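Because the structure is predicted, anything quoted here is derived from the model rather than measured. Lettering of chains follows the sequences in order, A, B, ..., and the numbering in each one begins at 1.
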There are 2 protein chains.
Amino acid sequence: MRVDELDAKIVRLFTEEQRMSVLEASRILKVARATVQARLDRMIANGVIAQWVPQPEPRAFGFPVVAFCFLTINQDLGHDAVSKALAAIPEVIEVHTVSGDSDLMARVAARSNSDLQRVLDIIMATKAVVRSSSVIALNTHFEGRTLPLLEAAARP
Amino acid sequence: MRVDELDAKIVRLFTEEQRMSVLEASRILKVARATVQARLDRMIANGVIAQWVPQPEPRAFGFPVVAFCFLTINQDLGHDAVSKALAAIPEVIEVHTVSGDSDLMARVAARSNSDLQRVLDIIMATKAVVRSSSVIALNTHFEGRTLPLLEAAARP
DNA sequence: CCTTTATTGCGCATACTGCTCAGAGCAGGG
DNA sequence: CCCTGCTCTGAGCAGTATGCGCAATAAAGG
């Protein structure tokens, strides 16, 4: 879907002031309320706004450690079956099939470095994963920063 | 912060029905409206709910390619200066300092595989990065799946 | 047992939402 | 040049939610 600058401004407004009402936004942007409504509806319908939900932050409730694990899977099972098995583990936040030496990459949260070991053991215990190699995130500079990209896509 | 099962149920409700009102949620959970309000306020204040904003999805507006780039940086600059330079590039969605062979890991979005090359060139052109090695996400099975972890943390 | 904190139920004024509708502006096709 | 389709606009109205305050009750902790 194509987005324009008004779309980007709307998303930015609702991102910066999450208590913004549609009416208030329309006043600030000097457009009709129905326009803001329509733009939001369209972006949600097209998936440009993928979700608009309270995002729990594991760091804030006892899981300060983040690691990226590169997994070599049991080829008998296939990627989908393995990702399904991984989805049963709450500490696994994200799973991609990737190019390169490994088959899958998983983002994993843990209570501590030693707790990460526990989670990795759970992953290995599924028998879906043959080998894993992890990289720990020592410091997260930023993440989920998609707004600048939306604005870049909106520019003419 | 400690979360209990009511907290998790509240987050789940607002995640599954994003048009849920606080009043409606209180009716469904059979608690007072003020309680739901108080729990939400507390979780937002403590960062358990990190953000509650419209999340743009790059895949939906022309950036279907996702890659994870492992960067070796120019040691003269330091991690923070480099991450700041990377933050100026809208295609860079996420940056972590990581353990292992590389210094930083960046999540990058692009319009296509060849467009990814363009983005990597921009990254290298900052002179902040000495070497990069990328892994392309061929298939995203799931991501941002933090709710199960919150529920696990809420269980007694 | 007492103090503190959380929850509850209630009311009220204000504000927002969802919905509808007719008219205006604009671009593209015939 | 005129039609057609699309979006934006401004307006209204009923229904609903919100923010706020308050006093009573329940639960938790020392």
Whole angstrom value for the distance that separates C1' of C:dA6 from CD of B:Glu5
17 Å

Rounded distance in Å - CG (A:Asp7) to C1' (D:dT7):
12 Å

Should the pair A:Arg19-A:Glu17 be classified as a salt bridge under the 4.0 Å nitrogen-to-oxygen rule?
no

Among A:Leu104, A:Asp103, A:Val98, A:Thr97, side chain to side chain contact (heavy atoms under 4.5 Å, CB included) partner for B:Leu138:
A:Thr97

B:Asp4 CG to D:dA27 C1': how many Å, rounded?
13 Å

Produce a footprint string for nucleotides 13-26 of chain D: one letter per nucleotide, 5' end first; B if the base is under 4.0 Å from any protein heavy atom, S if only the sugar-phosphate is, - if neither.
----SBBB------

Rounded distance (Å) that lies between atom P of D:dC8 and atom NZ of A:Lys9
14 Å

Separation of C:dT5 C1' from B:Leu6 CG (nearest whole Å):
16 Å

Between C1' of C:dT20 and CG of A:Asp41, the distance in whole Å
15 Å

Is the phosphate of C:dA6, meaning OP1 or OP2, less than 4.0 Å from a side-chain N or O of B:Arg39?
no

Rounded distance in Å - CG (A:Leu40) to P (D:dT7):
15 Å

Return the orientation label for the B:Phe14 and B:Trp52 ring planes: parallel under 30°, perpendicular over 60°, tilted otherwise.
perpendicular

Pi-cation contact, A:Phe68 with A:Arg107 (under 6.0 Å, within 45°):
no

SB check A:Glu5 A:Arg155 (cutoff 4.0 Å)
no

List the steps, then state whether side chain to side chain donor-acceptor pair (under 3.5 Å) holds for B:Asp121 with B:Gln117.
CA-CA 6 Å; B:Asp121 287 345; B:Gln117 184 62 59; 3.2 Å; yes

d(CZ, A:Arg42; P, D:dC6) in whole Å
13 Å

